[in-house]
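This structure is in structure tokens; I'll ask about it shortly.
Letters go in sequence order (proteins before strands), and every chain restarts at 1.
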Number of protein chains: 2
Amino acid sequence: MASDRRIFHNNEACPVRNVVAQIGDKWSLLILFALTDGAERFNALKSRIEGISQRMLTQTLRDLEREGYVDRTVYPEVPVRVEYALTEMGRDIVKPLYELVVWADKHQPKIEQARKIYDKKVSST
Amino acid sequence: MASDRRIFHNNEACPVRNVVAQIGDKWSLLILFALTDGAERFNALKSRIEGISQRMLTQTLRDLEREGYVDRTVYPEVPVRVEYALTEMGRDIVKPLYELVVWADKHQPKIEQARKIYDKKVSST
DNA sequence: CAGCATCCGCCACGATACTG
DNA sequence: CAGTATCGTGGCGGATGCTG
């Protein structure tokens, strides 16, 4: 009904809460963008994404694969080669995310300024 | 240099990592969208956002205020009335976020399907 | 009404060591 | 090379009780 002003209902079927939960973590967005130039191998990704650990790269890649954003291909050579690439859906979600990235770059100074003003206001109480 | 293919450098000055860290949490995006219709009081927000606790609403609102997304206005009546509203920057970030929300709604079925396929593939090993 | 204080479980994340 | 396995920790977030 129109009187129900609640937004984004709190159940597992809520698409928005789901997507935020998945790509809102520390590494997902970074990995997705590292793959926009094309497929990458595990260690290539690891060196492109500053600060990520082996464990988190593996784990986040598995999650992204499960949600359908990333494809994993194993080439049974010696030593083994594994390549990760965006699926169609992966390339698709990068578009709205890119808007956010651009926004973040543009507004960085404003945010820093807002923080300083807030902290000054709080410390004066 | 061109040979440095690292993305989104891992320092506190990285705008992208900052923005994701701020609005990638469980509640920030929900609060921002609950404020797009106009200013809201604390308890109104609480009832619009299903499942949020008092504690997290307060805390997330403080963070959003500090980053400059939200304005907090106290009306010294009895009992006190507090209204939260989006700042200009708040209204601004909602635009790219809205793209993401639309995307999430549209692709929800695909994601669920991807999950099922993945889980079946994994369980068969 | 709009919060703050406190306690606490859980899990995201990191570090390290080991492997097919 | 591309992972697993294990352990440790900080902090996110929930529950509850109290207050100006």
Next on the checklist: Just the rounded figure in Å: distance from P of C:dA12 to CD1 of A:I31.
Outcome noted: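 In whole Å, C:dA12 P and A:I31 CD1 are 15 Å from each other.
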Next on the checklist: Can you measure B:L61 atom CG to C:dC1 atom C1' for me and round it to whole angstrom units?
Outcome noted: 15 Å
Checklist entry - Does OP1 or OP2 of D:dG3 have a side-chain N or O of A:Y84 closer than 4.0 Å? => result yes
Checklist entry - What is the distance from CD of A:E65 to P of D:dA2, rounded to the nearest Å? => result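 Distance check: A:E65 CD to D:dA2 P gives 15 Å.
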Next on the checklist: My understanding is that only residues two or more places apart in sequence, or in another chain, count here; which of them pass side-chain contact (heavy atoms from CB on, under 4.5 Å) with B:N10?
Outcome noted: A:E50, B:R17
Next on the checklist: List the residues meeting ring pair (Phe, Tyr, Trp, His ring centres under 6.0 Å) with A:F33, not counting sequence neighbours, and say none if there are none.
Outcome noted: B:F8
Checklist outcome for this item: Of the listed C:dA2, D:dG13, D:dA2, the closest approach to the A:R41 side chain comes from D:dA2
Next on the checklist: So, OP1 or OP2 of D:dC1: does either fall under 4.0 Å of a side-chain N or O from A:K46?
Outcome noted: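 A:K46 to D:dC1 OP1/OP2: no side-chain N or O under 4.0 Å.
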Item to check | Comparing B:I52 and A:N43 on DNA chain D - which has the more 5′ nearest nucleotide | outcome: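 This one resolves to A:N43.
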Next on the checklist: Heavy atoms from C-beta onward define the side chain here; which of D:dT4, D:dC1, C:dG3 lies closest to that of A:P79?
Outcome noted: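 In terms of side-chain proximity for A:P79, the closest of D:dT4, D:dC1, C:dG3 is D:dC1.
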Next on the checklist: Just to verify, what does A:D92 make a salt bridge (charged side-chain N to carboxylate O under 4.0 Å, His left out) with, not counting sequence neighbours?
Outcome noted: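 For A:D92, the residues satisfying salt bridge (charged side-chain N to carboxylate O under 4.0 Å, His left out) (neighbours in sequence not counted) are A:K95.
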Next on the checklist: What is the distance, to the nearest angstrom, from the CD atom on A:Q22 to the C1' atom on C:dA12?
Outcome noted: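 In whole Å, C:dA12 C1' and A:Q22 CD are 13 Å from each other.
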Item to check | Separation of C:dC1 P from B:E40 CD (nearest whole Å) | outcome: 15 Å
Checklist entry - Is the phosphate of C:dA2, meaning OP1 or OP2, less than 4.0 Å from a side-chain N or O of B:R81? => result no
Checklist entry - Hey, is CD on A:E12 packed in by over 12 heavy atoms from elsewhere, all under 6.0 Å? => result no
Next on the checklist: Check this one for me: any side-chain N or O of B:R62 less than 4.0 Å away from OP1 or OP2 of C:dG3?
Outcome noted: yes
Checklist entry - Taking only residues two or more places apart in sequence or in another chain, which ones pass ring pair (Phe, Tyr, Trp, His ring centres under 6.0 Å) with A:Y84? => result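 A:Y84: no ring pair (Phe, Tyr, Trp, His ring centres under 6.0 Å) contacts found.
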Checklist entry - How long is the line joining CD of B:Q59 and P of C:dT6, in whole Å? => result 15 Å
Next on the checklist: Using the side-chain heavy atoms of A:R72, tell me which of these nucleotides is nearest: C:dG14, C:dA2, D:dA2.
Outcome noted: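 Side chain of A:R72 sits closest to D:dA2.
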Next on the checklist: Looking at every non-hydrogen atom in both residues, tell me the closest pair between B:T87 and B:G68 and how far apart they are.
Outcome noted: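 Scanning both residues, the minimum pair turns out to be OG1-O, 2.6 Å.
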Checklist entry - Other than B:V78, which residues form its hydrophobic cluster under the rule that side-chain heavy atoms must be closer than 4.5 Å? => result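 Joined to B:V78, directly or through intermediates: none.
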Checklist entry - Atom CD of B:E77 to atom C1' of C:dA2: distance rounded to whole Å? => result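 That distance rounds to 13 Å.
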Checklist entry - Which whole-number value in Å describes the distance from A:I49 CD1 to D:dA2 P? => result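 Value for this atom pair: 14 Å.
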Return the polar atom pairs (N/O with N/O) between nucleotides 16-20 of chain C and the protein under 3.5 Å, or none.
none

